[in-house]
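Let me begin by presenting the structure, written as structure tokens, before commenting on it.
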Amino acid sequence: DVLARYKRMTGHEVLHPMGWDAFGMPAENAAMEKKVHPGEWTRANIAAMRDQLKRLGFALDWSRELATCEPDYYGHEQALFLDMYEAGLVYRKESAVNWDPVDMTVLANEQVIDGKGWRSGAPVERRKLSQWFLKITDFADDLLNGLDDLKLWPDKVRLMQENWIGKSVGLKFRFTLSQPVAGQSQLHVFTTRPDTIFGSSFVAVAADHPLATALAEKRPEIGKFIAECQAGGTSAAEIEGAEKLGFDTGIACAHPFQPEWELPLYIANFVLMAYGTGAVFGVPAHDQRDLDFSRKYDLPVRRVVADGDTTDAEFEGDEAFTGDGALVNSRFLDGMAVEEARAAVIARAEKEGWGEGTTVWRLRDWGVSRQRYWGTPIPIIHCEDCGPVGLPKDQLPVVLPEDIDFETPGNPLDRHPTWSKADCPQCRKPARRETDTLDTFADSSWYFIRFASQPDDKPFDKAEAEAWLPVGQYIGGVEHAILHLLYARFWTRALNRMGQLDIKEPFAGLFTQGMVTHGTYQAGDGSWLSPEEVQRNGEDWTMIEDGAPVTPGRVEKMSKSRKNTVDPGPIANQYGADAVRWFMLSDSPPERDLPWSEAGIEGSWRFIQRLWRLIDTNETAEGEDKALDRKLHQTIAGVGEDIEALSFNKAVAKIHELANAIEKADASESRNTAIRTLVRLVAPMAPHLAEEAWAQMDEDGLVADAAWPEADPALLVEDEVTIAIQINGKLRDTITAAKGISKADLEAAALASDKVARQLDGAEPKKVIVVPDRLVNIVA
RNA sequence: GCCUCUGUGGCGGAAUUGGUAGACGCGCUCGACUCAAAAUCGAGUUCCUUCGGGAGUGCCGGUUCGACUCCGGCCAGAGGUACCA
């Protein structure tokens, strides 16, 4: 809000909208617990939050307010879904999905964290279901390359997206097996290091690889081993501690360059079915996992990239060499650099027909089907004869039914007596409506476009949307680094490909802000206590009610589970919106967490009062106060720079300094001007006070519409400067000199200092360093 | 494990390119005003000190006339994460 108000005052057209990402699980949970309809619950929350935002005086364009749970929003989303369906960016696939047994729904890969549902925390199960997917992988390369142009995004977020997309370039090739398994005589593996192919000691497949599954059917000991592998956890810590386990199948794989060179085929717990082909060849000398595995199962460790040693002696030690170097012990590759050898092996594989250069991505297509009620209905009809058919757009929006029940778990749309009945748009025969709804991340993937343009008859108007987009300054928590920000980038690209939008990137500038935190308190029995229930007596904390001892805990993100939330309503009532705003801006830089404190807001409240008294007691007077003029103009320039950089805490500090200077100054025309200007400087942060003062000063219109004051460059520089006098880098004295004084004069002035003379004690300085207008350092 | 970020008074935090460390605020101390308190105003507030000074930005070392800032090595905390072949 401060940035929006500032940009407005500096002559920019500003679009600062507000809306509600309102579909999703919390509304359904509330419905189940409190027996209210999700829509009713959601709209009541929206009303409450809208009041809070208005009370804090945010300069929002409420005419563009939207809520994703209303048909006039999600109906347009359905139209975009149909466009993507037509453009081949949506497909339906029977696939193993991540099933959250508590929330009774499917989760996207991005929503599975350490093998658990991101919301419920329940261990995710694998299930086969027919699901809708969006082809985000079509844009994998572009999403990756586009990151380079997002110069105004934090490096951290770009890096996280890069890792998530996970591009690996390498060779996919085939091993011939000594005996066919389930009718297959070949095994596909993927590697990014084809150059090390002569260093391989074994081949391994994932425990859930089809080959392993097939073998397990005939050999129970393999089934037992597979079960053992799947029992292990998938969190980073568990993986770290987990031992490499392998099962030697007794099957041999023929080395592609020498068929009689046979590599043992293992089933191994560290190979992932979800990545590459689910099978690898192990080169222990140059891969840590392979080395750990080989040491355990006593497999040969051959050096093929020189690590200083170029002999064919067995590789020593327990640390794999993954660096660059010249190839050794590798026949026709010997002497080549890693990169050159890589290309040579790929070329040979392609020429001889046993493999091809490939790029493998970690990124998967975005599964968007959710078996939930409170989401955007997917506008598809399933017809027995025609298959899935997109609804004609004139039948949109597909509106959610109101009469639903949440007594049984699962999707209420599925159980609704009539809602799912519909005729096939193609053959007119009775058919069934899709009862899955869209992942709520779809709702937030294009709302910024709808903010920019909101016609009734279509999702947006191209020219109107492009006039505002991309978003100049996007602000959100770092928790959106992957999910939301990647989906929105994809959605924008999809619209771009379909010719609906010229831009590819939705957000030019991104800022990840911190969260509001508060101390936590626990009673003797370990239960959490809210800040209103406790009080401090000196060093100790007790319960207000009965004086029982309280254990203060660490400062954490405000959350209902820790009970450390603070209701902004009463605070805004007590101190006023401007004091609340001032406090939120004043101390912590916005990228860091903000520790909420009652004491802090009182300080802000006092300053707001002080500002008012200062403005109120302003009087017209004659005379110039050069020092105050300078302070004023330095503040104008500094506050502007700080707001542009979102360093609100520094801007606040500069305004404090100016206020202090004005209070100390005698009445003058300069002082009068400074006070009148101060009103505009605080306007973005304390708008209510500023408007009142503006009106009282008999200025026209609103200060919100006023121009930001201009700094006079001539007044930004001092004509006198304080020079530090150092001896051996230690400060000994300071002197005041005219700005621009010559080096020689400055040196002479420094040497004339009593304190310098006393320190030198008659000795001659060895050397004198003079930094003009800054300091003199005497080396003794 | 790996990657990223962070580490400065009692607290939140400032310190352009290496150039007076601790701006600004909170808190605290003392004083003024008051019968008293609140509010307000003024002074002080990194630590030690024999009042000359000395030490000091997580720790150890280096570069430099000069290091919170640059380099090397540690330690601690937060966040991210992929056994990715």
Side-chain angles (χ1 to χ4, degrees), chain A residues 113-114 154-157 159-160 163-164 166-168 170-172 189-194 196 203-204 206 232 234-242 244 268-272 274-283 286-290 292-293 360-362 478-479 481-482 512 554 582-583 586-589 591-595 597-604 606-607 609-610 613 641 647 649-660 663-664 722-735 758-759 765-780:
Chain A
I113 293 152
D114 290 342
D155 291 341
K156 180 167 76 169
V157 174
L159 184 67
M160 284 165 73
N163 288 339
W164 189 265
K167 181 181 185 176
S168 298
L171 172 71
K172 190 170 150 184
V189 301
F190 172 75
T191 178
T192 54
R193 294 295 301 275
T196 62
V203 177
T234 51
S235 73
E238 284 171 306
I239 285 163
E240 198 49 47
K244 305 273 177 289
N269 66 342
F270 66 90
V271 181
L272 304 176
Y275 187 77
T277 61
V280 299
F281 75 94
V283 183
H286 306 293
D287 182 284
Q288 193 58 48
R289 283 164 323 174
D290 296 349
D292 294 345
F293 187 79
V360 165
W361 302 89
R362 204 186 90 95
V478 72
E479 69 274 16
I482 297 170
T512 51
R554 42 186 267 177
W582 197 264
F583 171 64
S586 51
D587 280 348
S588 290
E591 68 272 18
R592 268 192 234 178
D593 288 344
L594 169 74
S597 90
E598 203 73 14
I601 194 159
E602 268 178 37
S604 295
R606 279 204 297 270
F607 183 71
Q609 304 302 313
R610 222 177 108 202
R613 284 196 301 274
E641 280 168 28
S647 303
N649 55 326
K650 291 197 245 172
V652 163
K654 291 193 172 91
I655 288 172
H656 267 282
E657 283 185 62
L658 178 62
N660 291 346
E663 278 184 342
K664 286 196 173 68
T722 307
I723 306 290
I725 311 297
Q726 299 179 335
I727 293 175
N728 294 334
K730 287 208 181 297
L731 183 72
R732 292 301 172 190
D733 199 1
T734 57
I735 56 172
R758 196 165 56 202
Q759 282 285 326
K766 291 198 188 93
K767 192 175 171 188
V768 178
I769 285 140
V770 180
V771 182
D773 296 336
R774 267 251 150 83
L775 61 74
V776 179
N777 189 17
I778 297 160
V779 186

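Predicted model only: the values in this text are computed from it and were never measured. Convention: sequence-line order gives letters A, B, ...; per-chain numbering from 1.
Among the nucleotides B/rG53, B/rG66, B/rA14, the one closest to the side chain of A/R732 is B/rG53. Listed nucleotides: B/rA14, B/rA85, B/rG19. Nearest to the side chain of A/P589: B/rA14.
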Exercise answer: donor-acceptor pairs, residues 765-774 of chain A side-chain atoms, under 3.5 Å, sequence neighbours excluded:
from: A/K766; atom 1: NZ; to: A/A780; atom 2: O; distance (Å): 3.3
from: A/D773; atom 1: OD1; to: A/G740; atom 2: N; distance (Å): 2.9

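At a threshold of 4.0 angstrom between heavy atoms, the contacts of A/L272 include nucleobase atoms, whether or not backbone atoms are also involved.
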Protein within reach of the bases, or only the backbone? For nucleotides 41-51 of chain B, mark each nucleotide 5' to 3' as B, S or -, using heavy atoms under 4.0 Å.
S----------
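Considering only residues two or more places apart in sequence or on other chains, A/S604 meets the side chain to side chain contact (heavy atoms under 4.5 Å, CB included) condition with A/W582, A/F583, A/S586. Remark: A/N649 pairs with no residue by the side-chain hydrogen bond (donor to acceptor under 3.5 Å, both in side chains) rule, at least two apart or across chains. Taking the salt bridge (Lys or Arg N to Asp or Glu O under 4.0 Å) definition, one finds that A/E663 meets it with A/R610, sequence neighbours left out. For A/E591, the salt bridge (Lys or Arg N to Asp or Glu O under 4.0 Å) criterion is met by no residue, not counting sequence neighbours. Take A/Q609 and apply the side-chain hydrogen bond (donor to acceptor under 3.5 Å, both in side chains) test, not counting sequence neighbours, and it matches no residue. With sequence neighbours excluded, no residue forms a salt bridge (Lys or Arg N to Asp or Glu O under 4.0 Å) with A/R732. Listed by chain and residue number, A/D141 satisfy the side-chain hydrogen bond (donor to acceptor under 3.5 Å, both in side chains) test with A/K167 (two or more places apart in sequence, or in another chain).
The base of B/rC83 lies close enough to the side chain of A/K244 for a donor and an acceptor atom to sit less than 3.5 Å apart. At a cut-off of 3.5 angstrom, counting only N and O atoms as typed in the model, there is a donor on one side and an acceptor on the other between the side-chain of A/R289 and the base of B/rA85.
Applying the 4.0 Å criterion to OP1 and OP2 of B/rA82, one finds that A/R362 has a side-chain N or O inside that range.
Taking atom CG on A/D733 and atom P on B/rG53, their separation rounds to 11 Å, with Å as the unit. What separates CG of A/D155 from C1' of B/rG80 is a distance of 14 Å, to the nearest Å.
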Please list, for nucleotides 55-58 of chain B, all pairs of protein and nucleotide N/O atoms separated by less than 3.5 Å.
none

Atom pairs, N/O to N/O, protein against nucleotides 20-24 of chain B, distance under 3.5 Å?
from: B/rA23; atom 1: O2'; to: A/E657; atom 2: OE2; distance (Å): 3.2

What would the secondary structure line of RNA chain B be in dot-bracket form, counting Watson-Crick and G-U wobble pairs under 3.5 Å, with [ ] for pairs that cross earlier ones and | for pairs with another strand?
(((((((..(((......[....)))((((((.......))))))(((....)))..(((((..]....))))))))))))....
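Ring-plane geometry between A/F607 and A/H656 is classed as tilted, the angle between the planes lying from 30 to 60 degrees on a 0 to 90 degree scale.
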